[in-house]
Amino acid sequence: GPKVLQIPSHQIIDMGQMVTLNCDPVSNHLYFYWYKQILGQQMEFLVNFYNGKVMEKSKLFKDQFSVERPDGSYFTLKIQPTALEDSAVYFCASSLHEQYFGPGTRLTVL
Amino acid sequence: AQKVTQTQTSISVMEKTTVTMDCVYETQDSSYFLFWYKQTASGEIVFLIRQDSYKKENATVGHYSLNFQKPKSSIGLIITATQIEDSAVYFCAMREGRGSALGRLHFGAGTQLIVIP
């Protein structure tokens, strides 16, 4: 099926630092998403994005989080500053109808 | 409120048999979409199959099929002729209609399938 790419696959940072997670969505997809999965737990929606705007966000999408997709390049999730509870795997997805997921970025905040 | 519930934590089956995984959902919307994904041991999440709420026919893709029982708010996944590589965690998910394909997925907790050779 369609491939969504994510860079990096792993990221380890110190608490308080900034991190940017990158997503290369499927080229003709219109809708973009970030989800968070803590090890062994349920997948939780963070935010979706369309036409250059955040359309919907959950309570997990804290003020320290931001997303953008400048000039049709990577769809990014930035966390600034990071907190210990941000440690998780972050999945990007894109869609026209069904959502296709990237392989995830495992973020470890020390 | 929207909710997706998978009560089976883990299922073990013999290879080449058929397995059914259960999922029930809650929504106030009259139009919604139901999906099944699998998450492999490497963490990869793979889209498997979709059911649109307004369609009466059960969706089928390859050896995956759905048992859609709308009055019971139930969408079971059936895998026939299971293979070792079907071992994974299977997630049920729902998206409400809202007039466009943009919408969050509400996920269930997942069912771990173990296929025994």
Side-chain angles (χ1 to χ4, degrees), chain A residues 1-6 8-10 23 25-26 28-61 67 69 75 88-108, chain B residues 1-10 23 25 29 31-55 59 61-62 64 66 75 77 88-112:
Chain A
K3 291 292 186 187
V4 175
L5 305 176
Q6 288 187 244
S9 56
H10 293 86
C23 172
V26 178
N28 64 332
H29 283 183
L30 298 176
Y31 310 115
F32 312 110
Y33 311 80
W34 284 101
Y35 291 84
K36 176 181 180 181
Q37 186 181 39
I38 294 174
L39 187 63
Q41 296 186 24
Q42 207 151 332
M43 188 84 74
E44 303 276 7
F45 168 80
L46 287 175
V47 65
N48 59 23
F49 190 85
Y50 167 66
N51 200 24
K53 300 175 196 171
V54 170
M55 301 304 289
E56 185 183 8
K57 55 187 180 181
S58 73
K59 293 177 184 177
L60 296 178
F61 194 77
V67 292
R69 191 182 187 215
F75 176 49
V89 180
Y90 290 83
F91 289 94
C92 171
S94 70
S95 75
L96 284 175
H97 201 307
E98 48 276 340
Q99 294 177 28
Y100 289 88
F101 286 78
T105 294
R106 183 176 299 276
L107 177 65
T108 302
Chain B
Q2 307 82 19
K3 189 176 179 183
V4 177
T5 303
Q6 296 177 254
T7 56
Q8 301 157 306
T9 305
S10 181
C23 175
Y25 57 89
D29 274 20
S31 174
Y32 50 90
F33 303 87
L34 302 161
F35 305 86
W36 279 89
Y37 289 84
K38 79 174 192 182
Q39 187 169 29
T40 65
S42 66
E44 182 186 10
I45 299 171
V46 181
F47 164 70
L48 298 176
I49 192 168
R50 169 183 125 213
Q51 179 77 42
D52 300 346
S53 64
Y54 55 85
K55 291 187 178 177
V61 175
Y64 303 107
L66 297 177
I75 183 75
L77 174 68
V89 177
Y90 288 78
F91 290 100
C92 176
M94 175 181 66
R95 176 173 64 76
E96 289 169 329
R98 301 189 182 188
S100 84
L102 175 68
R104 68 169 75 183
L105 288 176
H106 301 269
F107 281 89
T111 296
Q112 175 149 36

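Labels below follow one simple rule: chain letters A, B, ... track the order of the sequence lines, proteins then strands, and each chain is numbered from 1.
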Relative to chain B, which segment of K57(A) carries a heavy atom at a distance below 4.5 Å: side chain, backbone, both, or neither? backbone
Pick one of side chain, backbone, both or neither for L96(A), based on which atoms fall under 4.5 Å of a heavy atom in chain B. backbone
Identify which of V89(B), L105(B), V46(B) forms the greatest number of heavy-atom pairs closer than 4.5 Å to chain A. L105(B)
Specify which of A93(B), A109(B), S42(B) makes the most heavy-atom pairs with chain A at under 4.5 Å. A109(B)
Tell me whether the guanidinium CZ or amine NZ of R95(B) lies under 6.0 angstrom from the six-membered ring centre of F33(B) and within 45° of its axis. yes
Using a cut-off of under 4.5 Å on heavy-atom pairs, state which of Y35(A), F49(A), Y100(A) scores highest against chain B. Y35(A)
Could you label the plane-to-plane angle of the Y50(A) and Y31(A) rings as parallel, tilted or perpendicular, counting under 30° as parallel and over 60° as perpendicular? tilted
Can you label the angle between the Y32(B) ring and the Y25(B) ring as parallel, tilted or perpendicular, going by 30° and 60°? tilted
Sequence neighbours left out, what pairs pass salt bridge (Lys or Arg N to Asp or Glu O under 4.0 Å) with at least one residue falling in residues 31-46 of chain A? none
Excluding sequence neighbours, so at least two apart, what forms side chain to side chain contact (heavy atoms under 4.5 Å, CB included) with S9(A)? none
